[in-house]
Amino acid sequence: MGSGQLHPRPPGRNVQPATTTLTRKKVGIHKRDIMVDRIEDTQSAQEQAQAQFQSALEQFQIVINFNGGDLESAYTDLNAEYEDSLSAAEKVRDRIASVKSVSDALFDEWEDELNLYKSDSLRRASSQKLKDTRRQYQRMITSLEKSEQRMQPVLDAFQDQVLYLKHNLNARAISALKGEFNTIKADIDRLISDMQVSIDQSQFIKALRES
């Protein structure tokens, strides 16, 4: 039997619980999972926005091809498409902002944890992986921001058409809108193409999952 006495830990030995490192790793993994989820949510929002902008363009074409009937109803449909496009664009902006938020937290945590390594070789390997991941992320976010910036000019032009038609429900207004159609179509086609480029940045998600 033992003496029943407690044996204090020798001074100078700061023994951390075994769960500390595991918990730290789980936090990092959690942020990566959140980031992947948010990127995928952004891609989904962009796909929805692509479909919405295409639908709005088709409605605009219906208006300029108007050949008798209820012009006010055609305006109402076009305005509804414009409002839906505004909502779709706002959703894309929110999703991109959420990606930026979690990426800042992830990269800050990763960089801070480099100082925790005792092995120089592992620290260098992790540091290089961080640089590679940041570089891939920058390519992806630049592509997202490019498509995001293209949305507002399209929305502004669309708003102009809707406002003009609202106050000029006549054949002369339709004729004036026809002159704007090709420009708006080109802008929307370019926007949809830029969105597709950023949607296709799936290699970053793969790299993030492997980090």
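If you're wondering where the values come from, they're calculated on a predicted model, not measured in any experiment.
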Distance check, rounded to the nearest 0.5 Å: Arg172 atom CZ versus Leu177 atom CG? 13.5 Å

Is it true that a side-chain atom of Ser127 and a backbone atom of Arg124 form a donor plus acceptor pair closer than 3.5 Å? no

Looking at every non-hydrogen atom in both residues, tell me the closest pair between Ala49 and Met195 and how far apart they are. CB-CE, 3.8 Å

Partners passing side-chain hydrogen bond (donor to acceptor under 3.5 Å, both in side chains) against Glu58 (at least two apart in sequence or in another chain): none

Arg93 side, atom CZ; Thr42 side, atom OG1 - distance, nearest 0.5 Å: 13.5 Å

Salt bridge (charged side-chain N to carboxylate O under 4.0 Å, His left out) assessment of Glu113 paired with Arg123: CA-CA 9 Å; Glu113 289 184 347; Arg123 183 187 301 110; over 6 Å; no

Does any donor atom in the side chain of Ser126 or Trp110 lie under 3.5 Å from an acceptor atom in the other side chain? yes

Considering only heavy atoms from C-beta outward, does the side chain of Leu165 approach that of Ile174 to under 4.5 Å? yes

Heavy atoms from other residues, nucleotides or ligands near CD of Glu83 exceed 12 (cutoff 6.0 Å): yes

Is Gln161 reaching over with its side chain to a backbone N or O of Ala157, donor-acceptor style, under 3.5 angstrom? yes

Backbone N or O of Glu40 within a donor-acceptor pair of the Ser44 side chain at under 3.5 Å? no

Would you check, one step at a time, whether the test side chain to side chain contact (heavy atoms under 4.5 Å, CB included) holds for Gln50 with Ile199? CA-CA 11 Å; Gln50 283 179 312; Ile199 289 170; 3.5 Å; yes

Report yes if some heavy atom in the side chain of Glu111 is under 4.5 Å from a heavy atom in the side chain of Arg134; otherwise report no. yes

Ion pair check, Glu72 and Lys166, cut-off under 4.0 Å: no

Calculate, to the nearest 0.5 Å, the distance between atoms CD and CZ belonging to Glu81 and Phe158 respectively. 7.0 Å

Any side-chain heavy atom of Ser198 sitting closer than 4.5 Å to one from Lys146? no

Side chain to side chain contact (heavy atoms under 4.5 Å, CB included), that's the test. Do Gln196 and Gln46 meet it? Break it down for me. CA-CA 8 Å; Gln196 192 59 50; Gln46 285 186 305; over 6 Å; no

Under 4.5 Å between any side-chain heavy atoms of Asp77 and Ser73, yes or no? yes

Hey, is Arg38 close enough to Asp41 for a salt bridge, meaning N to O under 4.0 Å? no

Taking the side chain as C-beta and beyond, is there a heavy-atom pair between Met140 and Val99 under 4.5 Å? yes

Does a side-chain heavy-atom distance below 4.5 Å link Ser85 with Leu155? yes

Between Arg95 and Glu90 (salt bridge meaning N to carboxylate O under 4.0 Å), is one present in this structure? no

Check the hydrophobic clustering (I, L, V, M, F, W, Y; side-chain heavy atoms under 4.5 Å; chains of links allowed) and say if Val92 and Val197 are grouped together. no

Assign the ring pair Tyr137 / Phe107 to parallel, tilted or perpendicular, where the plane angle (0 to 90°) is split at 30° and 60°. perpendicular

Closest heavy-atom pair and its distance - Phe204, Thr133: CE1-O, 3.4 Å

Same cluster or not: Leu57 versus Ile62, using hydrophobic residues (I, L, V, M, F, W, Y) connected whenever any side-chain heavy atoms lie under 4.5 Å apart? no

Under 4.0 Å between a Lys/Arg side-chain N and an Asp/Glu carboxylate O for Asp132 and Arg135? yes

Kindly compute the distance separating CD (Gln43) from CG (Leu144), expressed to the nearest 0.5 Å. 8.0 Å

Quick one: do Leu86 and Tyr164 end up in the same hydrophobic cluster if we chain Ile, Leu, Val, Met, Phe, Trp and Tyr together by side-chain heavy atoms under 4.5 Å apart? yes

d(Ile141 CD1, Ile96 CD1) to nearest 0.5 Å is 6.5 Å

Indicate yes or no: at least one non-hydrogen side-chain atom of Gln61 is less than 4.5 angstrom from one of Phe181. yes

side-chain hydrogen bond (donor to acceptor under 3.5 Å, both in side chains) with Lys185: which of Asn182, Asp189, Asp187, Thr183? Asp189

Can you tell me how far the NE2 atom of His167 sits from the OH atom of Tyr75, to the nearest 0.5 Å? 7.0 Å

Answer with yes or no whether the hydrophobic clustering places Leu163 together with Leu78; edges join I, L, V, M, F, W, Y residues whose side-chain heavy atoms lie under 4.5 Å apart. no

